[in-house]
Amino acid sequence: MKINDDIYYIGANDEKIDLFEGQYKVQNGMSYNSYLIKDEKNVLFDTVDKSVTDVWLKKLEKALNGKNLDYLIISHLEPDHSYNIGLLAKKYPDMKIVGNAMTFKILPNYFEDIELESRKVEVKEGDILNIGKHSLKFYMAPMVHWPEVMFTYEETEKILFSADAFGKFGAIKDGEKWLEEARRFYVGIVGKYGPQVQTVLKKVQGLNIKMICPLHGFVLKENLIFYFEKYAKWSSYEPEEEGIVIACSSIHGNTLEAGRYLESYLKTLKKKVCFIDLTREDFSYALSKAFQYDKLVLMSSSYNAGVFPPMEQFLNNLKTRNYQKRKVAIVENGSWAPSAGKTMKSILQEMKDIDIVEPIITIESTVKDKTKTELEELAKSI
Ligand code: FEO
């Protein structure tokens, strides 16, 4: 598929995948993008995951139409993009491989048989590769999402090849929306690296960009400021909007009942609320919602003198994504020695800039009138 006169989209969808990177549920599949620029020199941006090798290779051969492949640019070495580098190196013995110092440090870990000395073109920040009508300028983007990641700006058509950045979960198909699945992808995969994302955004913010070609999800062609603003917001750890996420982990259903009571009471106050049952919802949806809204209520059973594991995992996942700048309330449940509140609070205290709402509310086993009154007070004050 052509995305303009000289540039071809040759990526492919994996619609059978259930877990991306072994942990993120992807009910709508996943796309692995790869782009070919045909010019005096033919240049490929990245290979694809092993699951879609055959489809991708046929598209590549068709687009090249018998011509040689002169350069492979490695934007990102993670196997979902690099799996087929060895195959290409064999198929195109004259193909040069373009990467940066870190690319060539990591690459032999995956492809020890590729002879690099004659092939490698090592680039650094601001270097330009002229391939005919098109010229390609490289911007290093370390930790977005691995240390070797780099963006490439195609100066003639004004296209940004952005590696994982601006990508999303989900196969490319009609009706796919960007925001929800791009946020879940960002928070889950790149969320820890906000400062590094901000650094690369600053590098490219002055460029005249007409199109963004990410390695996952569709090519972005219109209203590009929207996508940049979302990335600026997410990487700053500022909430996108006002609203309350109730994250609930319940053993026997009593904490869940309390959570649902709080949810319905908040709705009577016309507050925007998002309820998540941590025992059933994929963790990445919960993380994504926590990043989206400005307030969070944690509600959990006590367990083994600590907190019920689904909540502990959720909090640890927030911590590893550098979750910060939020107001958080705590509701615990316990039948003889409630321990969840103290445990949740201590994990929250390891995060930056978290405003913990006092007091912690304790449910004694079941929801009582006293519980409802305390939850109503919390709803009014948060
Ligand atoms: Fe799509 Fe970080 O790999």
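Numbers here simply count residues along the sequence, with the first being 1. Ligands are counted one by one from 1 in listed order, and the atoms in each one are counted from 1 as well. Please read these numbers as outputs of a predicted model, since none were measured by experiment. As a basis for the values below, the full set of heavy atoms in this structure was taken, side chains included, without hydrogen atoms, waters or symmetry mates.
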Please list, one pair per line, the donor and acceptor atoms closer than 3.5 Å that link side chains of residues 103-117 to other protein atoms, with sequence neighbours excluded.
residue : atom : partner : partner atom : Å
Thr103  : OG1  : Asn100  : N            : 2.8
Thr103  : OG1  : Asn100  : O            : 3.4
Thr103  : OG1  : Asn100  : OD1          : 3.0
Thr103  : OG1  : Asn100  : ND2          : 3.4
Glu115  : OE1  : Ser118  : OG           : 2.4
Glu115  : OE2  : Glu117  : N            : 2.8
Glu115  : OE2  : Ser118  : N            : 3.2

What are the two closest heavy atoms between Trp56 and Ile10, and how far apart are they?
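Taking Trp56 first and Ile10 second, the nearest heavy atoms are CD1-O, 3.2 Å.
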With a 3.5 Å cut-off and sequence neighbours excluded, list the donor-acceptor pairs that the side chains of residues 36-43 form with protein atoms.
residue : atom : partner : partner atom : Å
Lys38   : NZ   : Ala63   : O            : 2.7
Asp39   : OD1  : Lys133  : N            : 3.0
Asp39   : OD2  : Lys133  : N            : 2.8
Asp39   : OD2  : His134  : N            : 2.8
Asn42   : OD1  : Asp39   : N            : 3.2
Asn42   : ND2  : Asn68   : O            : 2.8

Could Lys370 and Glu374 be called an ion pair, given the rule that one side-chain N must be under 4.0 Å from one carboxylate O?
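Salt bridge present between Lys370 and Glu374.
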Is the shortest distance from a Lys or Arg side-chain nitrogen in Glu281 or Lys289 to a carboxylate oxygen in the other one below 4.0 Å?
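Here Glu281 does not pair with Lys289 in a salt bridge, since their nearest N and O are not under 4.0 Å apart.
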If you leave out waters, which protein N, O or S atoms are less than 2.8 Å from atom 1 (Fe) of ligand 1?
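Sorted hits: Asp80 OD2, His81 NE2, Asp164 OD1, His216 NE2.
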Under 3.5 Å, side-chain donor or acceptor atoms of residues 247-254 against the rest of the protein: list the pairs with distances, not counting sequence neighbours.
residue : atom : partner : partner atom : Å
Ser249  : OG   : Ser300  : OG           : 2.7
Ser250  : OG   : Gly253  : N            : 3.0
Ser250  : OG   : Thr255  : N            : 3.4
Ser250  : OG   : Leu256  : N            : 3.2
Asn254  : ND2  : Ser365  : O            : 3.3

